[in-house]
Amino acid sequence: LLFTLLRRWNFAVYAREGEVQAGTSAATATVTASRGWIGLVLATSADEEVRSAGLDGWSLLEFYRFHGRVLLVVAPPILLVICPINYLVSPPEEDWLNRLDMGSMSDRPELLWLHAGFVWFVVIAVTWLLYDAHQDFLERRFTWLKNIPGSQATTILLENIPNHLRSDAALEDYFQGPNGVFMRDSKIVQNAYIVRRTKTLRQKWEVMQDTRKALDLATNRSEGAGSAPVEVVEALEESLKRQSEEVARERAIVEKGVEAKDIKVCAPYAFVTFSSALWQRLALKESFRADRTELVVSMPPDPDDVVYENLMDNVARSFAWFCLGWLCLVGVFLFWSPVVVFISSLTTLSTIRENVPWANHLLDSSAQVFPWFPAFLEGVLATAALRLFLAFLPFILFSIIRTFFPVKAGAAAQYRLSRWYFAFLLIFVLLVTTLGRGLVVTATTIADNPSAVINLLATWLPRSSHFYFNYMIFGWTTLTWELIRIVNLTKYWFYRVLYKSHVEEAKRQCEPEDEASFGLGSRMGIASLMSAMTLVCCTVSPLILVFAIVYFAIGRVTYGYLLVHVETKKPDLGGLFWMEAVQQVFFILALFVLLMTGVLAGQGKTYMSGPAAVAFSASVALYAMWYRINSFEWETLPLEQMAAAFHAREEPTERERQGEYRQAECGIGA
């Protein structure tokens, strides 16, 4: 309800820039804003999602849809079969919620076979649906590869370039000069661009951009706000003129250094754009020198997403920063564990009663009226405190990635974040929080007896089902809260009120959203965690399937609106997030099989019991499907399709031919 009202009153914040047109009347905006946004999301086709959010954005939406299909298949049998059986065979004195879980089931050996059969059912159903979804992804991936912009489709990224080749002209001669490695005296290279070390130029260029922005804000004020003082505008114009001259002089110095192959100016990275995608394909498959560490070739990122700052260091310095980054990750890992355990212990009712005297009377009084309230409160407090603390984790991980790891593109940083964030969440939410005894103690136990990890999980996970219920339900709130876009809304009104900006200008200034907390990396990491909770606990605590259905439905609608109809389109990696998600699903299923093997072995008193062996044998089917899915080519197009797609292209524009891979401060007219 709050989102619907805010969308009606602040339509610009909840629409893309193209929809916020100059001169749009308030009445028109109100009519547009009043359209059913949920119906808009549900009516959006997959092709429209790819066009508006990229293949990576589509991957997140398809991940939510995939889990919706999985839940529609596995939830009814599990809820209608396992839940009633668990309830009937559990001790009557147990709480009704506990009786639905496998952890309260009495010793009934014949029922263990039923649970072992459901392990096979879940593995086959999930992997089969994943296979179908992956086939759809492959079609869209090949379409994406065929439609890569001309500059990216014909360009390579060269790393660790020898000193004598560190200039634009030297690289062109290397490929097509009198002694060219590809062609001799033939024009096959459209453009070669050596990355420049531009620390001083960059600083002056950024100051100039700040002045230009201030001048735009001073001259772009809404009607009735009054114009900025003339002397202020004139002073800004004079400063901009002076700074532009300084930037031009510094740029000329940099270009002279490139011509002289000055290694203080020329970085060991370069972009080489060929006249044909066939030449690019040939270059990607070649080793140019006997020393394979020199002239390393790779696909370039999106031209608008290149992080040039990470391409300025030499290889040794980059490796040193890389090692330092891993030390920071280890430090965060070791620091996070005791804090998570401390938060888990701090939010128990016993701790609250001990440290907050007045809470005893309040809890006792409420328990007399609502017997379920104390347990509910404990679950909410533990979940909320943990979620609040973990909210800082994406920012910390993303800062480490951007600072220490030489990612070549912003989207690549998001991709790395999705992997690490999921790993951290899996450990600290699914493992440490569940065991409640610290990472060091748990690691010591496992080191003494590696097989104990299965026993630990099998023993403690069923007892922690209520925590997962609360965590999943709390996720409903966080998903809907993302729709509010509180930071963007605040920035929008800051520019509207303080700077008296037009609606369009305020919209530009309030975008984009925070890339650490609301980027694809953190969103995919959280989605994978919820997938792990759902699949790992689906037979141990079947009721979690009900909460998961609601969660993935809300996520599908929330991100279907934000990614496609509100947020600016981000640079695209072409579905790498989907490939990472597929591997994570297989890892989750492997964890599920091991967990159920441990649970059934505990019930059967031995790992050699029939139900435990049957459950573990599902790993064979899991491996077979993993091998099948990973046998498909997805990184490059088959040569025939690539050649046909290239010849079907229209003549590239001048912008596609040259100048796209260029640092902003080095661009003409920048």
Side-chain angles (χ1 to χ4, degrees), residues 60-83 86 97 100-103 115 118-130 133 379 383 386-387 418 421-423 425-431 433-434 457-458 460-479 523-559 581-596 599 618 622:
L60 178 63
L61 299 178
E62 180 62 17
F63 193 67
Y64 275 90
R65 282 192 294 264
F66 161 72
H67 281 85
R69 296 191 293 270
V70 166
L71 291 168
L72 287 177
V73 172
V74 304
I78 292 176
L79 293 174
L80 295 176
V81 176
I82 292 184
C83 275
N86 286 348
L97 201 58
L100 297 175
D101 295 344
M102 187 179 179
H115 285 275
F118 268 99
V119 172
W120 270 88
F121 169 68
V122 171
V123 168
I124 292 176
V126 174
T127 54
W128 187 266
L129 291 170
L130 186 62
T383 303
L386 183 62
R387 287 296 290 260
S418 70
Y421 191 38
F422 169 67
L425 289 176
L426 190 69
I427 292 172
F428 292 117
V429 176
L430 202 65
L431 179 61
T433 306
T434 301
L457 289 173
W460 288 95
L461 276 175
R463 303 178 187 179
S464 306
S465 60
H466 293 186
F467 170 78
Y468 299 129
F469 295 168
N470 293 323
Y471 200 93
M472 189 79 70
I473 294 172
F474 198 81
W476 303 352
T477 306
T478 57
L479 281 175
R523 288 171 173 174
M524 188 64 82
I526 293 175
S528 297
L529 172 68
M530 294 304 184
S531 172
M533 282 187 179
T534 303
L535 296 178
V536 168
C537 300
C538 66
T539 54
V540 171
S541 301
L543 199 60
I544 199 172
L545 295 171
V546 177
F547 304 121
I549 290 172
V550 179
Y551 178 85
F552 285 103
I554 294 175
R556 161 70 181 92
V557 174
T558 297
Y559 293 131
V582 167
Q583 303 306 316
Q584 289 172 356
V585 169
F586 277 110
F587 177 80
I588 292 166
L589 288 174
L591 185 61
F592 165 69
V593 171
L594 291 176
L595 166 67
M596 289 306 301
V599 171
L622 182 62

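Atom-to-atom distance recorded for Thr539:OG1 and Leu545:CG is 9.0 Å, nearest 0.5 angstrom. To the nearest 0.5 Å, atoms CG (Leu61) and OG1 (Thr558) are separated by 10.5 Å. Once rounded to the nearest 0.5 Å, the distance linking CZ of Arg556 with CG of Leu60 reads 10.5 Å. The distance from the OH atom of Tyr64 to the CZ atom of Arg523 is 9.0 Å, given to the nearest 0.5 Å. Atom CG of Leu479 sits about 4.0 Å away from atom OH of Tyr551, to the nearest 0.5 Å. In this structure, Leu130 CG and His67 NE2 are separated by 9.0 Å, a value rounded to the nearest 0.5 Å.
Under the 4.5 Å side-chain criterion, counting only non-hydrogen atoms from C-beta, Cys538 is not in contact with Val74. With a 4.5 Å cut-off on side-chain heavy atoms, Tyr421 and Met524 do not count as touching. Annotation: side chain of Val540 is not in contact with side chain of His115 (no heavy-atom distance under 4.5 Å). Inter-residue side-chain proximity for Tyr468 and Val536 is flagged as unmet; no heavy-atom pair is nearer than 4.5 Å. Between Trp128 and Val73, every side-chain heavy-atom pair lies at or beyond the 4.5 Å cut-off. Counting heavy atoms from C-beta on, the side chains of Val126 and Ile588 never come closer than 4.5 Å. Contact check for Phe586 versus Val582: side-chain heavy atoms found under the 4.5 Å cut-off. Proximity of Val70 to Phe552: side-chain heavy atoms (C-beta onward) are nowhere separated by under 4.5 Å.
Of all heavy-atom pairs between Ala133 and Phe66, the closest is CB-CD1, 4.4 Å.
The closest donor-acceptor contact from the side chain of Ser531 to the backbone of Ala527 lies at 3.5 Å or more, if one exists at all.
Just one residue in the list Leu426, Leu425, Val429 forms a side-chain contact (heavy atoms from CB on, under 4.5 Å) with Met533, and that residue is Val429.
For CZ of Phe587, the number of neighbouring non-hydrogen atoms (other residues, nucleotides, ligands) closer than 6.0 Å is 12 at most.
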